[in-house]
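Note on naming: letters A, B, ... go to the chains in the order of the sequence lines (proteins, then strands), and numbering restarts at 1 for each one. Bear in mind the structure is a predicted one, so any value in this text is a computation, not a measurement.
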Amino acid sequence: MNIEKLLQGQITAAIEKVFGFTPAEGSVQLQQTRREFEGDITLVVFPFVKNARKSPEETARLLGEYLTQNSDLVEDYNVVKGFLNLTIVREWWIKVLANAFRQDKFGVTEVTDDSNLVMIEYSSPNTNKPLHLGHIRNNLLGYSLSEIMKNNGYKVVKTNIVNDRGIHICKSMYAWQQWGEGKTPESTGIKGDHLVGDFYVMFDQQYKKEITELKEKGVPQEEAENIAPSIQAARELLRKWEANDAETVNLWKTMNQWVYDGFDVTYKEMGVDFDKIYYESETYLHGKDEVLRGLKEGIFYQKDDSSVWADLTPAGLDQKLLLRSDGTSVYMTQDIGTAQMRFKDYPIDKMVYVVGNEQNYHFQVLAILLDMLGYEWGKDLYHFSYGMVELPSGKMKSREGTVVDADDLMAEMTEVARKMGEELGKLEGLTKEEADRTYKMIALGALKYFILKVDPKKNMTFNPEESIDFNGNTGPFIQYTHARIQSVLRKAEDTGISIGIDYPNDFELEAKEKELLKTIALFPDAVTQAGTEYSPAVIANYCYELTKQFNQFYHDHSILNESDPVKKSFRLVLSTVVVKILRTGMGMLGIEMPDRM
RNA sequence: GCCUCGGUAGCUCAAUUGGAUAGAGCAACGGCCUUCUAAGCCGUAGGUUAUGGGUUCGAGUCCCGUCCGGGGUACCA
């Protein structure tokens, strides 16, 4: 039950009664009362002053007077300029707490058999190099979004399309053939994805060298890029692969497997997973079939060089290539095939692609193409377009060695967490395993929160020089508060205090307690908003706000040493509910909450 | 060139979608541990919201211009 919705109805009725007109749809605007003013909920009265034919102050005063007299929710009011600040009866806030305490899953919508199914694609790596910071943002957003949708009552299928095929992996394969000396992850002790990535770098160095040499001989840049022996060799591998050459396919399988094994470790460390994995090598042929069908049905057209194109000028766009002149497929072809397979495999109500904003155009086109091909769900696909992660020096560039490696970053953060934890010496009673688990929890909490608290649509800056904070508006701050509450609750349990949710009529709330209750009451709205806006940041900011509120309360009022048993009981309920919300909320960000730290 | 997204405190980010005196954290400075975990709490300082106009009771938010930056505009993905 939502206080604003209830009030909206009462205020509409009040306006009709007091001023004799019906307010326009959506004109009853309610907001949280700012902390510097008295009151809980504020009505903006400007939209009504014209019809009320009174000054803003007078309009507000008359409404406030009426509501205080006639509403069971409003116990007092005050007017500041055109703002009517309403004080909600104390019983309401107590009821909110009791509700949250009793409910098994406060603030979330449970999934039922009738729930809509949303498929969320995220991660979708190339298999020629290890995951980096950019992938981390993608993975964290995708995982978090999945959790948020689940908590908004959707069935969720998490999916990953692995780009296992193409010129990029052939480059690593060629380099391995040239300079690999039979090296494997086992023989070198190097994680598979990193090993393959090393060869990709080797290829690039060789390729660059060849281009330079050719240019010195007077070959123009563009031609040099095209005829360099290494790129020719890589292309030859791609041709052999497409022709199903046994040796090539074997090497491809072997090296991809190294990468998958490496990715598995990274995903596990990051705490993300998938329900269904698609491989481009299996979907691209379906895409090709679809494009050829489109050609036969006159939806697409062919040029003299036999390349296949779509005419998107009716949609205000350009011409788009779908098959190369040599018949091989492009990125778009593959995505058409993947989409088709997915809709065959699952009863998808909504398809979400978690892909960076550099591909906005691609997904705009994909939606149109699917629509042209006759899939009614095509235009409904949702591109969850997020911003890039930049370094203080600008964009990350793998060639310049400025990429922040995912494995390294997580390991470094864990070390920082360990050092700090050992300095503070708070985990002394724990076994080494428990302490290690906690340090990892804190490190990942810091990293995940740092990334997810930012509006996903915006670019963000990451400075690898300054390690991520553990104080202030951070994951560990919230984790720490959770651990402190758990500690109090453990002690309460040990002493066998009974906690109840029935309070006498004269039970008074402290100011900090009421602030906390108001914030608790907002949790369901935050979950809903995060779902409709596809925004983990909404959850992160909410959790921070709640945590801050709790810490202020915790600082000012003792829980276990409170002499009044009713107050003590009330505060324990309050603490229990905060723990519950933080676990649910941070869970939606993929962040675990330690009981000690 | 064209399309598109953005510019908020020294730094990293908010701002209930057009509402009150633009808020947090970090960094700086000053307080608070004999008391439920100080990874905490309180305070000081920090802003012409890139810039010029417009719309209205009200603009960081909407419209137009200018400047600066990102991305896209590939027979790359």
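Looking at the side chain of A/Phe83, the nearest of the listed nucleotides B/G72, B/G19, B/C76 is B/G19. If you check B/U73, B/A20, B/A77 against the side chain of A/Gln31, the one that comes closest is B/A20. The side chain of A/Lys81 lies closest to B/U21, out of B/U21, B/C36, B/C26. Relative to the side chain of A/Arg596, the nucleotides B/C76, B/G72, B/U37 differ in distance, and B/U37 lies closest.
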Side chains of residues 308-317 of chain A: which donor-acceptor partners sit under 3.5 Å, not counting sequence neighbours?
{"residue": "A/Trp309", "atom": "NE1", "partner": "A/Ser307", "partner atom": "OG", "Å": "2.8"}
{"residue": "A/Asp311", "atom": "OD1", "partner": "A/Thr313", "partner atom": "N", "Å": "3.1"}
{"residue": "A/Asp311", "atom": "OD1", "partner": "A/Thr313", "partner atom": "OG1", "Å": "2.6"}
{"residue": "A/Asp311", "atom": "OD1", "partner": "A/Gln319", "partner atom": "NE2", "Å": "3.2"}
{"residue": "A/Asp311", "atom": "OD2", "partner": "A/Thr313", "partner atom": "OG1", "Å": "3.2"}

Anything under 3.5 Å between a donor and an acceptor, one on a side chain of residues 437-446 of chain A, the other on a protein residue two or more places apart or in another chain? List them.
{"residue": "A/Thr438", "atom": "OG1", "partner": "A/Glu434", "partner atom": "O", "Å": "2.8"}
{"residue": "A/Lys440", "atom": "NZ", "partner": "A/Glu269", "partner atom": "OE2", "Å": "3.2"}

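Atom CD of A/Glu390 and atom C1' of B/C13 are 15 Å apart (whole Å).
Taking the six-membered ring for Trp and the full ring otherwise, the centers of A/Phe477 and A/Tyr449 sit at least 6.0 Å from each other. Checked against a 6.0 Å centroid threshold, the rings of A/Phe523 and A/Tyr542 count as neighbours.
Counting non-hydrogen atoms under 4.0 angstrom, A/His482 reaches nothing in the nucleic acid. Counting any heavy atom pair closer than 4.0 Å across all strands shown, A/Asp455 reaches sugar-phosphate atoms only and no base atom. Within 4.0 Å of A/Val454, counting heavy atoms only, lie sugar-phosphate atoms of the nucleic acid but no base atom. Using a 4.0 Å heavy-atom distance criterion, A/Phe462 is classed as making no nucleic acid contact.
Using a 5.5 Å limit on the distance between ring centres and a 30° limit on the angle between planes, the aromatic ring of A/Tyr554 does not count as stacked on the six-membered base ring of B/G40. You can call A/Phe46 stacked on the base of B/G19; the centres are under 5.5 Å apart and the planes sit within 30°.
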Given protein heavy atoms under 4.0 Å, the one-letter contact record of nucleotides 2-10 of chain B, with B base, S sugar-phosphate only and - none, is simply ---------
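Sparse packing is recorded around CD of A/Glu222, with 12 or fewer heavy atoms of other residues, nucleotides or ligands lying under 6.0 Å away.
Between A/Gln552 and B/C42 there is a side-chain N or O to OP1 or OP2 distance below 4.0 Å. Put simply, A/Asn551 has a side-chain N or O that comes within less than 4.0 Å of OP1 or OP2 on B/C41. For the pair A/Asn471 and B/G40, the criterion of a side-chain N or O lying under 4.0 Å from OP1 or OP2 is met. Between A/Arg34 and B/A15, a side-chain N or O to OP1/OP2 separation shorter than 4.0 Å is absent. An OP1 or OP2 oxygen of B/U37 is reached within less than 4.0 angstrom by a side-chain nitrogen or oxygen of A/Ser487. Checking the phosphate oxygens (OP1, OP2) of B/G25, no side-chain nitrogen or oxygen of A/Lys548 falls inside 4.0 Å.
Ring pair A/Trp241/A/Tyr284 is tilted by interplanar angle, where 30° to 60° counts as tilted.
For B/G54 and B/G18, the C1' atoms lie 16 Å apart once the distance is rounded to whole Å.
Pair assignment for B/C67: B/G7, on the basis of Watson-Crick or G-U wobble contacts that are both within less than 3.5 Å. Summarising the base pairing, B/G47 is matched to no nucleotide, lacking a Watson-Crick or G-U wobble pair whose two defining distances lie under 3.5 Å.
At least one cation-pi condition fails for A/Lys171 and A/Tyr200: the charged atom is not both under 6.0 angstrom from the six-membered ring centre and inside a 45 degree cone around its axis.
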